[in-house]
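I have placed the structure first, in the form of structure tokens, so that the comments after it can refer back to it.
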Amino acid sequence: MSSTAPFKETWFPSAEMRVERRADGSMVVEPVLELEPFTPSIPVELARAAMALPDKTYLAQRSKRGAPWTRHSYRAMKRDADAVAQWLLDLRVESGRSVLIVSGNSIAHSIVKFGAMTAGVPVCPVSVNYSLMGGDFGRLRHVIGLVRPKVVFAEQAERFKKALEVVDFGDTVVITDDPSALARPAIALREVLATPLTEAVSRAIEALDPDAPSAFMLTSGSTSLPKAVKQTQRMITSNLAQGRQVLGKTAGWRDVMLDWLPWNHVSGAFTQMGVLVSGGTLYIDGGLPVAGRFEESIENLAEITPAFYVNVPLGYAMLADALERDAVLRERVFTKLRMVLYGGAGLPQALYDRIQKMSIETTGERIFFTTGYGATETTSGCMSIYFPTDDVGIGLPMPGLSLKLVPTGSRYEVRLRGPMVMSGYAENPEANRDIFDEEGFYRTGDTAQFHDEGDIAKGLKFAGRLAEDFKLASGTWVSAGRLRPQLLEALAPLVSDVLVCGETHAYVAILAWPSPAGREMGEGLAPQLAGRLAVFNAGRGTSERIERLTLLVEPPRADAHEVSDKGTINQRVALKRRAADVERLYADPSDPSTILPAS
């Protein structure tokens with residue numbers, strides 16, 4: 001989308017890059033701008049905020065949809081985190097043990113997390129689904145083996161009762177709201193918070209090793225069981241410093257934010273801690289970008305109206321639908337909104353254009369769209385768009401990061417090095433063996449392309465994961481990760497997501513979830529999609545032509561790991577679970593429900 005409308009007020013530092021081009025075709029790209037000094041300690045940052053802004057609300061949450069906001073100030077967070085730290089110090093947690101958090105985003109979650117960091121005990125937040133899905137709790141048991149928890153925090157005893165009583169946690173101490181609800185011994189959080197403080201807490205903060213494991217953050221486990229990334233205080237705070245340096249002034253993190261992203265995922269954890277080190281207020285959104293839950297997010301957004309907002313592409317698609325239906329909501333949201341960040345997947349250009357069109361119609365100005373490209377292994381996003389552009393993509397390295405691009409066909413493999421990059425996974429020597437190259441760059445497994453090979457300043461765009469590439473029966477390679485966002489753009493707004501199929505088959509086909517707009521079309525949807533596919537296929541070769549499409553009825557299920565906590569689709573897991581749909585897609589003769597490109 002090109003427009004003469006200006007962006008809302010923005011401020012960014014220089015995005016000038018140094019580029020080293022090598023004889024083998026690879027290159028190393030680094031910002032000319034150096035990373036500004038930072039304090040490698042979240043507990044020290046919390047103490048500073050509590051001193052400077054004692055009564056300012058740090059976190060606010062609702063007990064249920066529509067309930068009043070419960071607020072917790074910086075002084076209260078420091079007081080309660082210190083109490084948890086003192087209790088852990090009194091417990092004398094052995095080296096190599098951790099605090100496992102199995103419940104979701106909340107004020108209490110932050111208290112326990114920062115208390116563990118203060119005491120120097122690594123903390124591991126996990127998806128609530130690990131404890132709620134039932135079965136043999138295989139993923140939860142796997143994580144317990146990786147991080148060896150000494151303490152488990154499950155905020156709601158009734159909600160997590162089954163997991164706490166079925167899974168063998170060994171000698172762990174359980175902290176919860178109501179110990180009487182459990183058949184196993186536990187201690188109430190209120191008792192922990194009543195622990196008398198001693199000088200041991202201050203000494204623990206002073207003695208913190210910034211390069212020791214401080215958090216175990218889990219990978220998505222899309223192709224195997226999740227791995228535990230050892231994140232240190234230096235990793236966390238250098239990554240936060242990157243974000244503040246290039247985005248903080250425009251984003252206004254000292255103001256208010258509203259966010260639903262789970263804190264067991266790095267994007268959500270960045271927001272949780274980024275607001276803290278900036279002295280802002282974070283409203284915990286109880287909604288989710290799923291049917292039946294997004295209405296709460298819309299209600300919260302209309303009330304809080306932040307200047308900076310974070311979501312995943314699926315969430316922005318649902319937001320665009322809501323904004324197009326509600327003029328009052330558009331006025332409230334666009335009047336203040338200045339910058340939005342998308343992560344978890346590539347943002348379709350058509351969706352970007354829809355939102356910008358509404359912003360211009362409402363205010364005469366554009367919103368600045370940015371992204372935080374990175375991985376659990378890089379703490380969080382370490383590349384970003386911090387230069388004027390209308391092209392969606394993954395941007396350029398932020399200060400402190402070295403980006404190595406290694407040619408692979410028409411794309412580049414992305415490799416990263418810097419203080420925010422991990423030293424390795426916990427208890428996984430096999431995975432650690434090949435994860436870094438000979439120069440110490442982390443191999444992300446992702447690929448990228450420049451928007452303009454002749455002008456690096458225009459940044460990079462995501463071009464798929466190498467692990468998602470597959471071969472057709474002919475031996476032709478298909479880049480599913482690169483094809484998927486192209487399809488989402490071509491089929492927008494009629495489908496919400498797609499699964500790219502074709503491994504060992506003669507051609508590429510897709511399974512698709514219709515969007516609310518698509519479902520409203522009824523019988524008219526199929527011919528519309530057939531026409532869109534014909535246009536998409538024009539001029540494309542075998543590796544990119546879509547020969548068939550089948551619509552899915554059952555939505556993606558988080559409890560089956562088809563959809564991640566951040567709302568993105570796990571392609572491999574979903575394809576395996578929906579093997580019968582794939583078989584129907586490739587049936588000969590074709591199933592009556594299968595949509596073929598218009599002739």
**OP:** Could you tell me how the ring of Trp253 sits relative to the ring of Phe270: parallel (under 30°), tilted (30 to 60°) or perpendicular (over 60°)?
**Re:** perpendicular
**OP:** Mark yes or no for whether Ser278, through its side chain, and Val275, through its backbone, hold a donor-acceptor pair below 3.5 Å.
**Re:** no
**OP:** Take Lys249 and Arg244, measure what side chain to side chain contact (heavy atoms under 4.5 Å, CB included) needs, and give me the verdict at the end.
**Re:** CA-CA 7 Å; Lys249 188 171 181 179; Arg244 288 203 312 275; over 6 Å; no
Original post:
Hey, what do you get for CG (Asp255) to CZ (Arg338), rounding to the nearest 0.5 Å?
Top reply: 8.0 Å
Original post:
Should the ring pair Trp263 and His109 be called parallel, tilted or perpendicular, given that the plane angle runs from 0 to 90° and is split at 30 and 60?
Top reply: perpendicular
Original post:
Strictly by modelled atom types, are Arg48 and Thr39 linked by a side-chain donor-acceptor pair under 3.5 Å?
Top reply: yes
**OP:** Report the C-alpha distance between Glu30 and Arg18 in whole Å, list the side-chain angles of each, state the deciding distance to 0.1 Å, and finish with yes or no for salt bridge (charged side-chain N to carboxylate O under 4.0 Å, His left out).
**Re:** CA-CA 5 Å; Glu30 297 176 334; Arg18 285 188 298 266; 3.6 Å; yes
Subject >> Geometric class of the Tyr316/Tyr309 ring pair [parallel <30°, tilted 30-60°, perpendicular >60°] >> reply: perpendicular
Subject >> Heavy-atom side-chain proximity of Phe441 to Val421 below 4.5 angstrom >> reply: no
Subject >> Separation of Thr305 OG1 from Leu337 CG (nearest 0.5 Å) >> reply: 9.5 Å
Subject >> 4.5 Å side-chain heavy-atom contact, Met273 and Leu240 >> reply: yes
**OP:** Report, as yes or no, whether the 6.0 Å neighbourhood of atom CD on Glu9 holds more than 12 heavy atoms from other residues, nucleotides or ligands.
**Re:** no
**OP:** Determine yes or no for a side-chain-to-main-chain donor-acceptor pair under 3.5 angstrom, with Thr370 supplying the side chain and Leu341 the backbone.
**Re:** no
**OP:** With rounding to the nearest 0.5 Å, note down the distance linking OG1 in Thr57 to CH2 in Trp69.
**Re:** 11.5 Å
Original post:
Hey, does Val152 have a side-chain heavy atom less than 4.5 Å from the side chain of Ile175?
Top reply: no
Original post:
Considering the options Arg443, Arg417, Arg415, which one meets the side chain to side chain donor-acceptor pair (under 3.5 Å) requirement together with Asp437?
Top reply: Arg415
Original post:
Does Glu155 offer a backbone N or O that forms a donor-acceptor pair with the side chain of Ser103 under 3.5 Å?
Top reply: yes
Subject >> Test: Lys227 cationic atom under 6.0 Å from Tyr425 six-membered ring centre, within 45° of axis >> reply: yes
Original post:
In terms of ring plane angle, is the pair Phe368 and Phe12 parallel, tilted or perpendicular, where the classes change at 30° and 60°?
Top reply: tilted
Original post:
Does atom CD of Glu430 have more than 12 heavy-atom neighbours from other groups under 6.0 Å away?
Top reply: no
**OP:** Output the distance between atom CZ (Phe216) and atom NZ (Lys230), rounded to the nearest 0.5 Å.
**Re:** 7.5 Å
**OP:** Assess whether side chain to side chain donor-acceptor pair (under 3.5 Å) is satisfied between Arg71 and Tyr283, documenting all intermediate values.
**Re:** CA-CA 9 Å; Arg71 301 173 183 273; Tyr283 287 82; 2.9 Å; yes
**OP:** Report, as yes or no, whether the 6.0 Å neighbourhood of atom NZ on Lys336 holds more than 12 heavy atoms from other residues, nucleotides or ligands.
**Re:** yes
**OP:** For the pair Ser359 (side chain) and Ile355 (backbone), establish whether a donor and an acceptor sit closer than 3.5 Å, ignoring hydrogens and angles.
**Re:** no
Original post:
Do the side chains of Val266 and Asn239 get nearer than 4.5 Å, heavy atoms only?
Top reply: no
**OP:** Tell me yes or no: between the side chains of Gln61 and Thr70, is some donor less than 3.5 Å from an acceptor?
**Re:** no
**OP:** Answer with yes or no whether the side chains of Tyr373 and Asp446 bring together a donor and an acceptor at under 3.5 Å.
**Re:** yes
Original post:
With a 4.5 Å heavy-atom cut-off, do Phe153 and Leu100 have their side chains touching?
Top reply: no
Original post:
Counting only heavy atoms not in Arg92, do more than 12 fall under 6.0 Å of its CZ?
Top reply: no
Original post:
So, does Gln245 use its side chain to make a donor-acceptor pair with the main chain of Glu34 at under 3.5 Å?
Top reply: yes
Original post:
Any side-chain donor-acceptor pair under 3.5 Å between Ser214 and Gln233?
Top reply: yes
Subject >> side chain to side chain donor-acceptor pair (under 3.5 Å) between Asn129 and Arg139, worked out >> reply: CA-CA 9 Å; Asn129 290 325; Arg139 292 203 168 202; over 6 Å; no
Subject >> Short side-chain to backbone donor-acceptor contact, Thr447 and Tyr412, under 3.5 Å >> reply: no
Subject >> Glu303 atom CD: more than 12 heavy-atom contacts under 6.0 Å >> reply: yes
**OP:** Please round to the nearest 0.5 Å and tell me the distance separating atom CG of Leu466 and atom OG1 of Thr444.
**Re:** 7.5 Å
Original post:
Do Phe387 and Val246 have side-chain heavy atoms sitting under 4.5 Å apart?
Top reply: no
Subject >> Modelled atom types, side-chain donor and acceptor of Asp285 and Ser297, under 3.5 Å >> reply: yes
**OP:** Let me see the working for Asn311 and Trp260 under side chain to side chain donor-acceptor pair (under 3.5 Å), right down to the final yes or no.
**Re:** CA-CA 8 Å; Asn311 215 319; Trp260 64 268; 3.1 Å; yes
**OP:** Kindly say whether Arg234 contributes a backbone atom to a donor-acceptor pair with the side chain of Ser238 at under 3.5 angstrom?
**Re:** yes
Subject >> Ser73 side chain vs Ala76 backbone, donor-acceptor pair below 3.5 Å >> reply: yes
**OP:** Check the pair Arg22 / Glu20 against salt bridge (charged side-chain N to carboxylate O under 4.0 Å, His left out), numbers first and verdict last.
**Re:** CA-CA 6 Å; Arg22 299 178 172 179; Glu20 176 193 348; 3.1 Å; yes
Original post:
Hey, does Val151 have a side-chain heavy atom less than 4.5 Å from the side chain of Ser98?
Top reply: no
Subject >> Nearest-0.5 Å distance that lies between atom CG in Leu396 and atom CD in Glu16 >> reply: 11.5 Å
Subject >> Any donor-acceptor pair under 3.5 Å from Gln231 side chain to Thr378 backbone >> reply: no
Original post:
Do Tyr352 and Tyr342 have ring centroids that are under 6.0 Å from one another?
Top reply: no
Original post:
Quick check: does any side chain N or O of Arg366 sit under 3.5 Å from a backbone N or O of Gln356, one acting as donor and the other as acceptor?
Top reply: no
Original post:
Just wondering, more than 12 heavy atoms not from Glu439 lying within 6.0 Å of its CD?
Top reply: yes
Original post:
Under a 4.5 Å cut-off applied to non-hydrogen side-chain atoms, are Leu261 and His265 in contact?
Top reply: no
Original post:
Between Asp82 and Gln86, is a side chain to side chain donor-acceptor pair (under 3.5 Å) present by the stated rule, with each step listed?
Top reply: CA-CA 6 Å; Asp82 283 355; Gln86 182 70 61; over 6 Å; no
**OP:** Classify the ring geometry between Phe114 and Tyr58 as parallel (under 30°), tilted (30 to 60°) or perpendicular (over 60°).
**Re:** tilted
